[in-house]
Each structure stands twice: as structure tokens, then as C-alpha cells.
Number of protein chains: 2
Amino acid sequence: MSKQEISVQPSGGCCAPISISALDETQAAEGAAVFKALSDPIRLRLMSIIASAGGEICVCDLTGQFDVSGPTISHHLRVLRQAGLVDCERRGTWVYYWSLPERMQWVSALLSIPEPALIS
Amino acid sequence: MSKQEISVQPSGGCCAPISISALDETQAAEGAAVFKALSDPIRLRLMSIIASAGGEICVCDLTGQFDVSGPTISHHLRVLRQAGLVDCERRGTWVYYWSLPERMQWVSALLSIPEPALIS
DNA sequence: CCGCTGATTAGATGAACTTCTACATAGTGG
DNA sequence: CCACTATGTAGAAGTTCATCTAATCAGCGG
């Protein structure tokens with residue numbers, strides 16, 4: 001896995017929270033792409049299950065928790081992967097996914113409101 | 001403004017970060033709705049301009065910064081409003097928008113990775 | 001009261017997205 | 001080498017979304 005695909009290239013979480021300064025078009029495009037990946041209820045729940053799994057989790061343990069077909073889960077996992085939020089690896093018959101905390105934290109920081117901002 | 005519309009009812013930012021525990025279907029639906037509002041480059045940039053304005057900002061100061069028509073900006077602002085991320089008020093001829101930090105911080109907290117989680 | 005400007009609403013159109021079924025690929029084990 | 005299981009890919013169908021133009025609403029000034 002981790003194959004080369006046309007995906008959002010993480011430019012490195014490098015911009016100030018939006019409560020501090022506005023985003024330029026490039027930053028907005030990258031941020032919006034990540035938010036789009038999280039904008040589906042199934043994907044957000046998938047992301048939360050993977051992120052809270054503490055390590056990695058097998059696709060076979062994900063599929064059963066949703067009322068959609070396997071290919072649909074597969075599709076959603078690819079979207080999360082292309083957004084840089086998770087990565088995966090095949091080991092034998094099974095494929096394991098884990099979350100990429102840096103990416104999550106970058107998006108979190110984008111929306112955060114620093115203490116100084118709360119005071120002013 | 002602040003009219004009654006079918007929108008995402010903020011249930012109060014009340015769930016743990018997804019790196020700690022998975023979301024149930026209801027929480028995922030509410031979270032995904034907010035992320036969807038932020039999933040468009042124009043909307044995310046609008047949000048960042050409003051949030052970093054320090055107070056409120058007139059629609060007339062927003063429209064000129066984008067290459068889309070006025071009605072399109074209006075549409076995007078409504079989406080942000082329905083997601084509970086901004087609110088607005090008409091004063092005379094002009095309409096002013098401001099950000100709702102609580103909502104922003106709730107979403108930010110959802111994706112945050114608490115210190116203890118980084119250690120374990 | 002009428003025209004003007006700012007902003008939103010309504011309706012239409014083309015693109016993107018979610019989901020499915022059918023099929024393909026990867027790996028295990030007899 | 002073949003059957004079987006776990007995932008992923010391809011393509012299609014229905015729905016949602018972003019955007020535009022045209023029309024409407026709100027407030028100001030003559």
C-alpha cells in the first residue's frame with residue numbers, strides 16, 4: 001500500500017490558525033481538501049475508529065460496523081488516505097490502517113483559538 | 001438575521017477527541033456537517049477572513065476578494081451560518097458577519113491530540 | 001414615493017459524490 | 001494448481017453541490 005496516487009500533498013502544517021490570519025488560496029485549497037475527507041459521516045466515524053484504536057486496525061474489523069458494502073468502505077478509506085489522514089499496510093490476507101496524527105493536529109491547529117486571542 | 005432555518009443544531013461540544021474515543025452515528029453526523037461547511041476552498045477562506053477580522057466584517061468587504069458572483073458568496077455564507085460557525089446582523093444597508101469561536105473550538109478539539117495520548 | 005445600492009432568494013445546469021453490483025487482485029492452504 | 005477469503009477497482013445510477021442569471025427584499029436619499 002501507500003501507493004503513489006494523485007492526492008493532497010501535505011505541504012507541512014505551516015499556517016497560523018484562521019482566528020489569527022486569513023488563508024491564501026493555496027492554503028485554503030489544501031485545508032478544504034482535508035475537511036472534505038472528514039465531511040462524510042461514515043468517513044468521520046471510520047477516522048475516529050482508526051484514530052482511537054491505539055495503533056492499527058484491520059479493515060475486517062471496520063466493515064462490520066457500517067451498513068454499507070465492502071467496496072464503499074474501501075472507497076472511503078482511500079479518500080482518507082489521499083487526504084493524508086491515514087496510511088495502511090497489507091500483511092498477509094489482511095490490510096491494517098492507522099492514523100497520521102501530524103495531519104490531524106495540523107487541521108486541529110488551523111481551527112484552534114490561541115489563548116492570547118481569547119484575551120484580546 | 002439569525003433567522004430560524006433548518007440547520008445543524010449545536011448539541012454543545014461534548015465529545016472526546018477522536019484520538020481518544022470513536023464517535024457514535026449522531027456525533028459523526030454533526031461533526032461531518034461542520035466539516036462539510038469547511039470543505040469548500042471559498043468557504044474556508046471566507047471563514048478565515050471572518051475569523052481573523054477581529055470582530056465583525058461587512059459582506060461588501062468579502063465579495064470583492066473572490067472571483068465568484070455575489071449570490072455565490074451569499075450562498076456560502078449561509079452554509080457557514082447553518083453550520084453554526086458564523087452569525088450575522090443587518091445594520092442599515094449592510095450586513096455584518098462574525099465568527100462563533102465556541103463552534104470552531106469544538107471542531108478543533110475533536111481533532112486534537114491531548115498530551116497524554118502523545119506519551120502513551 | 002421612486003430610484004439606487006447592498007444582499008439574499010429562486011430556479012436551472014453541469015460537475016462531483018456516494019453507493020451499488022460485478023469483477024479483479026492478493027494471499028492462504030489443501 | 002485450485003478453491004476460498006479479504007480487499008480493492010471499474011463502471012453505472014441516483015443524489016447532492018457549486019455556480020450562474022434573473023428576480024426579490026431591505027434600507028437610504030432625493
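Remember, predicted model here, so these are calculated numbers, not experimental data. Below, read A as the first sequence line, B as the second, and so on, with proteins coming before strands; counting in each chain starts at 1.
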Least distance between heavy atoms, B/Ser112 atom then B/Ala109 atom: OG-O, 2.8 Å

Do any side-chain nitrogens or oxygens of A/Thr72 fall under 4.0 Å of OP1 or OP2 in C/dC20? yes

For side chain to side chain contact (heavy atoms under 4.5 Å, CB included), just list the numbers for A/Trp106 and A/Glu30, CA-CA rounded to whole Å, side-chain angles, deciding distance to a tenth of an Å, and then say yes or no. CA-CA 11 Å; A/Trp106 169 61; A/Glu30 180 173 357; 3.6 Å; yes

Taking side chain as C-beta onward, heavy atoms only, is B/Phe66 less than 4.5 Å from B/His76? no

Nearest to the side chain of A/Val59, heavy atoms from C-beta on, is which of C/dT28, C/dG6, D/dG8? D/dG8

Between CG of B/Leu46 and C1' of D/dA18 the distance, given in whole Å, is 13 Å

Determine the contact category for A/Ile73: base if any of its heavy atoms lies under 4.0 Å from a base atom, sugar-phosphate if only primed atoms, P, OP1 or OP2 are that close, otherwise nothing. nothing

For B/His75, answer base if it contacts any base atom (sugar-phosphate contacts may also be present), sugar-phosphate if it contacts only those atoms, and nothing otherwise; contact means non-hydrogen atoms under 4.0 Å. base

Check every atom of D/dT9, C/dA7, C/dT18 against the side chain of A/Asp40 and return the nucleotide holding the closest atom. C/dT18

Nearest-nucleotide pick for B/Lys36, side chain only, options being C/dT19, D/dT7, D/dC17: D/dC17

Side chain of B/Cys60: nearest nucleotide among C/dA7, D/dA22, C/dT21? C/dA7

Side-chain N or O of A/Tyr96 versus OP1/OP2 of D/dT7: is the shortest distance under 4.0 Å? no

Among the candidates C/dT19, C/dT5, C/dA7, find the nucleotide nearest to the side-chain atoms of B/Thr93. C/dT5

In whole angstrom, what separates A/Leu77's CG from D/dT9's P? 11 Å

Given atom CD1 of B/Ile57 and atom C1' of C/dG6, what is their separation to the nearest angstrom? 15 Å

d(CD, B/Gln82; C1', D/dC17) in whole Å: 13 Å

For A/Asp67 and C/dC20, give me the distance from atom CG to atom C1', rounded to whole Å. 14 Å

Check A/Ala28 against B/Pro41 and note the closest heavy-atom contact, atom names and distance. CB-O, 3.7 Å

Can you tell me how far CG of A/Leu110 sits from CE of B/Met47, rounded to the nearest 0.5 angstrom? 11.0 Å

Looking at every strand, decide which applies to A/Arg43 at a 4.0 Å heavy-atom threshold: base, sugar-phosphate, or nothing. sugar-phosphate

Considering every strand and a 4.0 Å limit on heavy-atom distances, what is the contact class for A/Gly70: base, sugar-phosphate, or nothing? nothing

To the nearest angstrom, how far is B/Leu80 atom CG from C/dT8 atom P? 12 Å

What do the steps show when you test A/Trp94 against A/Val59 for side chain to side chain contact (heavy atoms under 4.5 Å, CB included), and what is the final call? CA-CA 7 Å; A/Trp94 294 278; A/Val59 172; over 6 Å; no

Below the 4.0 Å mark, does C/dG6 have OP1 or OP2 next to a side-chain nitrogen or oxygen of B/Arg90? no

Rounded to whole Å, how long is the line connecting atom CZ of B/Phe35 with atom P of C/dC17? 18 Å

Taking CZ from B/Arg91 and P from D/dC28, how many angstroms apart are they, rounded to a whole number? 12 Å

Give a yes/no answer on whether the side chain of A/Ser69 brings an N or O atom under 4.0 Å of OP1 or OP2 in C/dC20. yes

Compare the minimum distances between each of C/dA7, C/dT19, C/dA22 and the side chain of A/Ile42, then state the nucleotide with the smallest one. C/dT19

Are A/Ser74 and D/dG8 close enough that a side-chain N or O sits under 4.0 Å from OP1 or OP2? yes

